[in-house]
Amino acid sequence: AQSVTQLDSQVPVFEEAPVELRCNYSSSVSVYLFWYVQYPNQGLQLLLKYLSGSTLVKGINGFEAEFNKSQTSFHLRKPSVHISDTAEYFCAVSSSPGAGSYQLTFGKGTKLSVIP
Amino acid sequence: NAGVTQTPKFQVLKTGQSMTLQCAQDMNHNSMYWYRQDPGMGLRLIYYSASEGTTDKGEVPNGYNVSRLNKREFSLRLESAAPSQTSVYFCASSRTEERRTDTQYFGPGTRLTVL
């Protein structure tokens, strides 16, 4: 079985400050990793994903994430946040082929609040 | 290009009532999904459909049924609603049958309350 832990349920940060949202996963097989963002009263949209190759993944809106296999982490970062980044962020892990039936597991979410 | 649309946006049911949540996508995607989102729980997969005519159970299928009516439409039915099914329901779609790696595109959600 796989699981995802988002270590912070809420993260307040001042505008133009850097932010890191933490995500750890556990799985006995190879995984694919995703970050989705949910703006208030909307559905989720993809920020970025790691499938293979370079462990540093760049996404939309200036976000990036680094896959660290030894620490089973996939932390999301942005060097300078904007008010419009206020949203809830979800880390998700998908099991690789050959790992049995399809399973996509979401973390419980981190609410990012950007303070003017 | 509307993307993924869901109807209704809001619904209140009494325990034991039935209803169907509708979902349609206009992106010619092969795979479609139904999730529920509960506070502090993230999203949990109810059912998914890798292609027209096929459906598979997800993490929390009990109390639900689905129909992949055609390539565009994927409906979720609650036969006898229970208060535990109070939630926000999201439909999503992805381009291919490679659901492990594909980006999923989400609808705006349906807020369901069961009294």
Side-chain angles (χ1 to χ4, degrees), chain A residues 1-10 21 23-25 27 29-53 57 59-60 63 67 87-111, chain B residues 2-7 9-10 21 23-25 27 29-51 54-61 74 87-111:
Chain A
Q2 61 196 32
S3 65
V4 177
T5 301
Q6 291 185 242
L7 296 159
D8 305 295
S9 58
Q10 297 189 55
L21 305 183
C23 173
N24 286 89
Y25 69 92
S27 176
V29 297
S30 296
V31 296
Y32 305 116
L33 295 156
F34 305 79
W35 275 100
Y36 281 86
V37 60
Q38 183 178 30
Y39 298 104
N41 299 313
Q42 294 186 26
L44 281 68
Q45 63 183 84
L46 182 74
L47 273 178
L48 48 81
K49 61 183 176 181
Y50 172 79
L51 304 182
S52 64
V57 182
I60 62 171
F63 283 93
F67 171 55
E88 190 160 16
Y89 292 79
F90 292 92
C91 182
V93 58
S94 170
S95 54
S96 61
S101 60
Y102 165 68
Q103 189 175 359
L104 177 65
T105 304
F106 283 85
K108 295 182 178 181
T110 297
K111 290 185 178 178
Chain B
V4 179
T5 57
Q6 294 182 234
T7 55
K9 291 186 178 179
F10 302 93
L21 280 64
C23 174
Q25 51 90 10
M27 296 176 283
H29 285 176
N30 283 313
S31 295
M32 297 186 74
Y33 315 79
W34 275 106
Y35 293 91
R36 60 177 290 173
Q37 182 180 32
D38 302 293
M41 295 290 290
L43 275 77
R44 293 180 291 171
L45 182 64
I46 304 171
Y47 272 94
Y48 64 98
S49 170
S51 61
T54 67
T55 60
D56 288 283
K57 295 179 180 179
E59 182 183 355
V60 289
F74 189 38
S87 188
V88 181
Y89 291 85
F90 288 99
C91 178
S93 68
S94 62
R95 188 173 60 87
T96 72
E97 296 181 25
E98 292 296 324
R99 52 196 177 277
R100 298 178 192 272
T101 57
D102 265 359
T103 297
Q104 294 188 20
Y105 296 83
F106 286 78
T110 295
R111 291 185 177 274

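The structure presented is a predicted model; accordingly, all values stated were derived computationally and were not measured. Labels below follow one simple rule: chain letters A, B, ... track the order of the sequence lines, proteins then strands, and each chain is numbered from 1.
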Inset, instruction - Could you have a look at Phe34(A), Phe90(A), Tyr36(A) and say which one has the most heavy-atom pairs with chain B under 4.5 angstrom? - result: Tyr36(A)
Inset, instruction - Return the option, out of Gln6(A), Lys111(A), Gln38(A), Gln45(A), with the maximum number of heavy-atom pairs under 4.5 Å with chain B. - result: Gln38(A)
Legend entry - Heavy-atom side-chain proximity of Asn41(A) to Lys9(B) below 4.5 angstrom: no
Inset, instruction - Taking all heavy atoms of Arg100(B) and all of Ser94(A), pick out the closest pair and write down the distance. - result: O-OG, 2.9 Å
Legend entry - Proximal component of Arg44(B), with respect to chain A [non-hydrogen, under 4.5 Å]: neither
Inset, instruction - With a 4.5 angstrom heavy-atom cut-off, could you sort out which part of Gln6(B) is near chain A: side chain, backbone, both or neither? - result: neither
Inset, instruction - List the atom of Leu104(A), the atom of Gln104(B), and the distance in Å for their closest heavy-atom pair. - result: CD2-NE2, 3.4 Å
Inset, instruction - May I ask you to check whether over 12 heavy atoms, not counting those of Phe67(A), lie within 6.0 Å of atom CZ? - result: yes
Inset, instruction - Report the distance from atom CG of Leu48(A) to atom OG1 of Thr103(B), rounding to the nearest 0.5 Å. - result: 10.0 Å
Inset, instruction - Please look at Leu51(A) and chain B and tell me whether the side chain, the backbone, both or neither of the residue comes under 4.5 angstrom of a heavy atom of that chain. - result: side chain
